[in-house]
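Below: the structure, in structure tokens.
Every heavy atom of this structure was used, including side-chain atoms; hydrogens, water molecules and symmetry mates were not.
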Amino acid sequence: MCLFVFFTVIMVLGFFFGIFTEAYKRRNNHQHIEVPAIFEDPTSLKQVSCPHIVDPATKYISLIIPAFNEEHRLPGALEETMNYLQQRALKDPSFTYELVIIDDGSADETKRVAFEFVRKYTVDKIRVILLGRNHGKGEAIRKGMLHSRGELLLMLDADGATKVTDLEKLENQIQAVAKREYHHEDSRDSDPRFRISDIPVAVFGSRAHLEEKTLATRKWYRNFLMKGFHLVVLLAAGPGIRDTQCGFKMFTRAAARKLFSNVRLKRWCFDVELVFLCKWFRIPISEISVNWSEIPGSKVNLLSIPNMLWELVLMSVGYRTGMWRISNST
């Protein structure tokens, strides 16, 4: 009995030692970008100047799309997205945009597919960042956010699960909150000092309104895991957001600069870290219902759950112990 207790204590101590060690290793993750961000024009093969989130915005909106082995799902999503953006730009010449595709070390033809769209629409409209090896969805989005040109920055998945037209819902909410934060209720054109990019605001797309239908159709063990994950998220980041994992989120440039200069988690749970950082910076967060449909080929599976829980534990330990220091210099 004593031997059993002894080994149990050793295992528990070893577990916590491993957590603290890994959290300490990741304390500077937000400062280290392993692969330089380089845009290449596939037509001329010339390198294009690479912007940074601290630079002034030169587009109205940037759409950031992480892609890992998405050669089959990416073309349809890009065609739908570009059709929408082009039609809106025709109606409103002030609506300028870019797509930033981040190839997260794909082993298939994702790179070729992405560059075909660059050739079709030009490198000013679509840009591709190659990460070389797989880093994770969180790192891919962080890279795209840090090197985009928009006043507003929208992250969306490569599968097209959320209709791109729903960005208008998030955009309208950001405009409303930004004006309220600025204490200005008139249109932005009436006050030349008001710039949407300067007001930190975040709006999260949400599938929470679909939960009842999803519970009825999803397998029991996925529902069980989902409920358990939501409980852990509540403990790690606090209440306020019902659906942290929807891949459709919009930020003003000021919010993205603060958040993505500090994000450390590189894979699935970076969304939860974004919620935590929004609360730390007191960035207003809204949750807006979006249209969503499940697309075959999801990268999330049962084996992802332990990794997600591990990241949440690391995040809690890292921030609560002060090992993960938050920079407010940007």
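Atoms CD1 and CE, from Ile174 and Met250 in turn, are 5.5 Å apart once rounded to the nearest 0.5 Å. In this structure, the separation between CG on Leu152 and CD on Gln175 is 6.5 Å, given to the nearest 0.5 Å. Atom CD in Glu70 sits 10.0 Å away from atom CD1 in Ile65 (nearest 0.5 Å). Atom CD of Glu287 sits about 11.0 Å away from atom CD of Gln173, to the nearest 0.5 Å. Within the model, atoms NZ of Lys266 and CD of Glu273 stand 12.0 Å from one another, a figure rounded to the nearest 0.5 Å. Rounding to the nearest 0.5 Å places CD1 of Ile64 at 4.5 Å from OG of Ser148.
Tyr319 places a side-chain heavy atom less than 4.5 Å from the side chain of Arg264. Between Val263 and Leu274 the shortest side-chain heavy-atom distance falls below 4.5 Å. You'll find the side chain of Thr162 stays beyond 4.5 Å of the side chain of Asp157, heavy atoms only. Side-chain contact between Glu311 and Phe270 is absent, with no heavy atoms from C-beta onward closer than 4.5 Å. Counting heavy atoms from C-beta on, the side chains of Leu167 and Leu156 never come closer than 4.5 Å. Considering only heavy atoms from C-beta on, Arg253 comes within 4.5 Å of Leu153 through its side chain. In this structure, the side chains of Phe248 and Lys169 stay at 4.5 Å or more apart for every pair of heavy atoms. Inter-residue side-chain proximity for Lys258 and Leu277 is flagged as unmet; no heavy-atom pair is nearer than 4.5 Å.
One N or O on the side chain of Asn69 and one on the backbone of Ala107 form a donor-acceptor pair closer than 3.5 Å. Within the 3.5 Å criterion, the main-chain N or O of Asn291 finds a donor-acceptor partner in the side chain of Asp166. Using modelled atom types, one side-chain atom of Asn262 and one backbone atom of Ser327 make a donor-acceptor pair closer than 3.5 Å. Looking at Asp104, its side chain never comes within 3.5 Å of a backbone N or O of Ala140 through a donor-acceptor pair. A side-chain donor-acceptor contact under 3.5 Å links His147 to the backbone of Pro51.
Ion pairing between Glu98 and Lys59 fails under the 4.0 Å rule for side-chain N and carboxylate O. Ion pair Asp124/Arg149 flagged as a salt bridge, since at least one NZ, NE, NH1 or NH2 atom sits closer than 4.0 Å to an Asp/Glu carboxylate oxygen. With respect to the salt-bridge test (charged N to carboxylate O, under 4.0 angstrom), the residues Glu79 and Lys120 qualify. Ion pairing between Glu80 and Lys163 holds under the 4.0 Å rule for side-chain N and carboxylate O.
Across every non-hydrogen atom of Cys246 and Val290, the tightest pair is SG-CG2, 4.2 Å. Nearest heavy-atom pair across Ala89 and Tyr97 is CB-CE2, 3.9 Å. Nearest heavy-atom pair across Leu170 and Gly205 is CD2-N, 4.1 Å. When all heavy atoms of Ala114 and Val128 are compared, the closest pair comes out as CB-CG2, 3.7 Å. Closest non-hydrogen pair, Gly144 versus Ile102, comes out as CA-CD1, 3.7 Å. Nearest heavy atoms, Gly160 versus Ala77: N-CB, 4.0 Å.
A side-chain contact (heavy atoms from CB on, under 4.5 Å) with Ile101 holds for exactly one of Thr110, Leu78, Ile129; it is Leu78. Just one of His135, Arg142, Lys137 meets the side-chain hydrogen bond (donor to acceptor under 3.5 Å, both in side chains) condition when paired with Glu139; it is Arg142.
Hydrophobic clustering (side-chain heavy atoms under 4.5 Å, transitive across Ile, Leu, Val, Met, Phe, Trp, Tyr) keeps Leu90 apart from Leu99.
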(message) Working note: Phe251 + Phe204, criterion side-chain contact (heavy atoms from CB on, under 4.5 Å); need CA distance, chi angles, decisive distance, verdict.
(response) CA-CA 9 Å; Phe251 310 89; Phe204 289 16; 4.0 Å; yes
(request) Under the side-chain contact (heavy atoms from CB on, under 4.5 Å) rule, what do Ile53 and Phe260 come out as? Steps first, then yes or no, please. (result) CA-CA 9 Å; Ile53 193 69; Phe260 291 95; over 6 Å; no
(request) Any chance you could lay out the side-chain contact (heavy atoms from CB on, under 4.5 Å) test for Val201 and Arg180, step after step, and finish with the verdict? (result) CA-CA 11 Å; Val201 183; Arg180 186 173 70 240; over 6 Å; no
(request) Given side-chain contact (heavy atoms from CB on, under 4.5 Å), test Leu85 with Met82 step by step and report yes or no. (result) CA-CA 5 Å; Leu85 295 173; Met82 287 303 298; 4.3 Å; yes
